[in-house]
Amino acid sequence: MGSYAISPPGVRRRFRSLLTALLVGALAVLSALVVPPSAQAAESTLGAAAAQSGRYFGVAIAANRMNDSTYLTIANREFNSVTAENEMKIDATQPQRGQFNFTAADRVYNWAVQNGKQVRGHTLAWHSQQPGWMQNLSGTALRQAMIDHINGVMRHYRGKIAEWDVVNEAFADGGSGARRDSNLQRTGNDWIEVAFRTARAADPNAKLCYNDYNVENWNAAKTQAMYAMVRDFKQRGVPIDCVGFQAHFNEGNPYNSNFRTTLQSFAALGVDVSVTELDIQGASPTTYANVVNDCLAVARCLGITVWGVRDSDSWRSHHTPLLFNNNGSKKPAYDAVLNALNGGSSTPPPPGGQIRGIGSGRCLDVPNSATADGTRVHLWDCHNGTNQQWTRTAAGELRVYGNKCLDAGGTGNGAIVQIYSCWGGDNQKWRVNSNGTIVGVQSGLCLDAAGSGNGAQLQLYSCWNGDNQRWSVT
């Protein structure tokens, strides 16, 4: 056939059928090989999961624990950032004036970089953990010693440290919003500015952070004072790049849902934000997940650091505040954090159920579906409303609405029982016993109905096995 000859119809049909079959087969192979861009496998460690969003999940490491193989195994496996717990502080790095010692600090630093982790520097100027020689200085001599210390430490680590906590804890506790009355503050109100300008000159590539505690609640006077300082620094060109929120959440500084507002407000000033020393009294899984989600919701949140590996390594070990038990096993809070970092891809929490009084036949109820902290719970006819749906957590909490806990407002007979934002305290933990009693972990007293009709108040009372202290938990 010539160049322009047309195949017979039967040949054309067979060719089209063959071509169609080949195309269908090729598309099937491509479909099996190509993963949709939005698909993302969940990571199995905290650091890897955080890295998916360009963040770190770090840990504070202590040199004196680095001979503990369990400690180092967990630290190496789970985290992608390291902060030296004490080894880069003033007393450790310059024990004698003009004589720097980086032995312990370098041990932490070298281990971190050898294992592929970034390092946060902590801390250069602080009223606490000063060596004796610095404590004995004042005025211009102390100011010069601060400058010399910043230069000496940052010279040693120039170009090696990702973030430095340049100044630590310079604001007073309480409602004054004032600066802390420290020996550094008494050298002049500009000492923080001088510290940051010195640090920028010493290492122009390091992120320079201000770090403090009890500044997570946006409404706190201390938070607002810190905000005013950072805003002033940004307006005047003082070199500040980031703000660290220590996030030691406990009964004195409970987690507040406005923490996200705090992070967003500081980020809007043009600084990065970090959660730098996270530990949560009681290690509430929900609170840990909330903190992670707050960071993930703020584009300028660089990452999160927990202050220690296992509970036994914590400076507040009696609060059991970390993600790993003393033996190195993972706590429920660990799973909550990993799930949050992975975008909530794991198994959802169990559904809630009712708590029905044996004596009354009525259910534990939040009046009028209120959500305000301090709302007292009472008995009411059982129904399917969310204000009667309670979830038992692995930490021993009884939660309603997902983020409010059954909370004992005291430890004696007659103490009120209310709902309150979950923060992991023992007054929010309960033992549900086989005999139907529900006992407060902190008080050892029973959940007690002060009547049997609608509206009867709940309280704590000495356990005596009465039907008003026995409950059916579904």
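The first residue of the sequence shown is numbered 1, and numbering continues consecutively from there.
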Step by step, would you call T320 with D311 a side-chain hydrogen bond (donor to acceptor under 3.5 Å, both in side chains)?
CA-CA 5 Å; T320 60; D311 283 338; 4.8 Å; no
Keeping the roles fixed (side chain from Q281, backbone from D426), state whether a donor-acceptor pair exists under 3.5 Å.
no
Taking all non-hydrogen atoms of both residues into account, name the closest pair between V309 and F324 and its distance.
O-CD1, 3.5 Å
Under 3.5 Å, is there a donor on one side chain and an acceptor on the other for R120 and T305?
no
side-chain hydrogen bond (donor to acceptor under 3.5 Å, both in side chains) assessment of N427 paired with E251:
CA-CA 10 Å; N427 68 315; E251 57 191 340; over 6 Å; no
Would K330 and L338 count as a side-chain contact (heavy atoms from CB on, under 4.5 Å) here? Give the steps.
CA-CA 11 Å; K330 298 172 183 176; L338 185 63; over 6 Å; no
Strictly below 4.0 Å, N to O, side chains only: are D173 and K222 in salt-bridge contact?
yes
List the steps and the verdict of side-chain hydrogen bond (donor to acceptor under 3.5 Å, both in side chains) for R470 and N435.
CA-CA 7 Å; R470 294 172 59 234; N435 66 356; over 6 Å; no
Are the side chain of E163 and the backbone N or O of K207 linked by a donor-acceptor pair below 3.5 Å?
no
Looking at OG of S421 and NZ of K404, how far apart are the two atoms once the value is rounded to the nearest 0.5 Å?
3.0 Å
Taking the side chain from T123 and the backbone from D165, do they hold a donor-acceptor pair closer than 3.5 Å?
yes
Around atom CG of N368, are there more than 12 heavy atoms from other residues, nucleotides or ligands closer than 6.0 Å?
no
Distance (rounded to the nearest 0.5 Å) between Y210 OH and I192 CD1
5.5 Å
Would you check if the side chain of T262 reaches a backbone N or O of W218 as a donor-acceptor pair within less than 3.5 Å?
yes
Between N80 and G47, is there a donor-acceptor pair closer than 3.5 Å when you use the side chain of the first and the backbone of the second?
yes
Test item: V113 and K160 side chains (from C-beta on) under 4.5 Å apart, heavy atoms
no
Looking only at heavy atoms, what is the nearest atom pair of F196 and C209, with distance?
CZ-O, 3.4 Å
Carefully, step by step, assess Q246 and N211 under the rule side-chain contact (heavy atoms from CB on, under 4.5 Å).
CA-CA 7 Å; Q246 294 184 17; N211 190 54; 3.3 Å; yes
In this structure, are over 12 heavy atoms from other groups packed under 6.0 Å from Y334 atom OH?
yes
Flag the pair N413 / L445 as yes when at least one side-chain heavy-atom distance between them is below 4.5 Å, and no otherwise.
yes
What one should report as the nearest heavy-atom pair of W307 and E85 is CZ2-O, 3.7 Å
Look at the aromatic rings of F266 and Y227 and report parallel, tilted or perpendicular, splitting at 30° and 60°.
perpendicular
To the nearest 0.5 Å, what is the distance between NZ (K331) and OG (S284)?
10.5 Å
In terms of relative ring orientation, are W380 and H378 parallel, tilted or perpendicular, with 30° and 60° separating the classes?
parallel
Can a donor-acceptor pair be found, under 3.5 Å and without considering hydrogens, that links the side chain of N76 to the backbone of L72?
no
Looking at N339 and D335, would you say the former's side chain and the latter's main chain have a donor-acceptor pair under 3.5 Å?
no
Check against side-chain contact (heavy atoms from CB on, under 4.5 Å), N217 and N258
CA-CA 6 Å; N217 186 330; N258 69 22; 3.0 Å; yes
Considering all heavy atoms, the nearest P367-R376 contact:
CD-O, 3.1 Å
Check whether any side-chain heavy atom of T45 sits under 4.5 Å from a side-chain heavy atom of F57, and report yes or no.
no
Considering only heavy atoms from C-beta outward, does the side chain of T83 approach that of T276 to under 4.5 Å?
no
Could you tell me the separation between the CE atom of M226 and the CE atom of M229, rounded to the nearest 0.5 Å?
7.5 Å
Are the side chains of V366 and Y401 in contact, using a 4.5 Å heavy-atom criterion?
yes
Counting distance only, does the side-chain N/O of Q354 pair as donor-acceptor with the main-chain N or O of C382 below 3.5 Å?
no
Short side-chain to backbone donor-acceptor contact, N342 and E43, under 3.5 Å
yes
Look only at the side chain of N168 and the backbone of W126, and say whether a donor-acceptor pair between them is shorter than 3.5 Å.
no
Between R55 and C301, the two heavy atoms sitting closest are NE-O, 3.0 Å
N327 atom CG, over 12 foreign heavy atoms within 6.0 Å:
yes
Is D212 salt-bridged to R180, cutoff N-O under 4.0 Å?
no
Taking the side chain as every heavy atom from C-beta outward, state whether M88 and Y109 have any pair of such atoms under 4.5 Å apart.
yes
Output for pair (W423 CH2, D373 CG), nearest 0.5 Å, gives 12.5 Å
Residue pair E277 / H248, side-chain donor-acceptor N/O under 3.5 Å:
yes
I would like to know whether N468 and D448 meet side-chain contact (heavy atoms from CB on, under 4.5 Å); could you show each step before the answer?
CA-CA 6 Å; N468 68 319; D448 177 288; 3.2 Å; yes
Quick one: do D365 and N387 satisfy side-chain hydrogen bond (donor to acceptor under 3.5 Å, both in side chains)? Show the steps, please.
CA-CA 6 Å; D365 178 283; N387 62 325; 3.2 Å; yes
Any side-chain heavy-atom pair from T411 and L460 closer than 4.5 angstrom?
no
Closest non-hydrogen atom pair between Y288 and V306, with its separation:
CE2-CG1, 4.3 Å
Rounded distance (nearest 0.5 Å) linking atom CG of L322 with atom CG of L278:
8.5 Å
Verify the neighbour count for atom OH of Y157: are there more than 12 heavy atoms of other residues, nucleotides or ligands below 6.0 Å?
yes
Do E216 and Y255 have side chains that approach each other closer than 4.5 Å (heavy atoms only, starting at C-beta)?
no
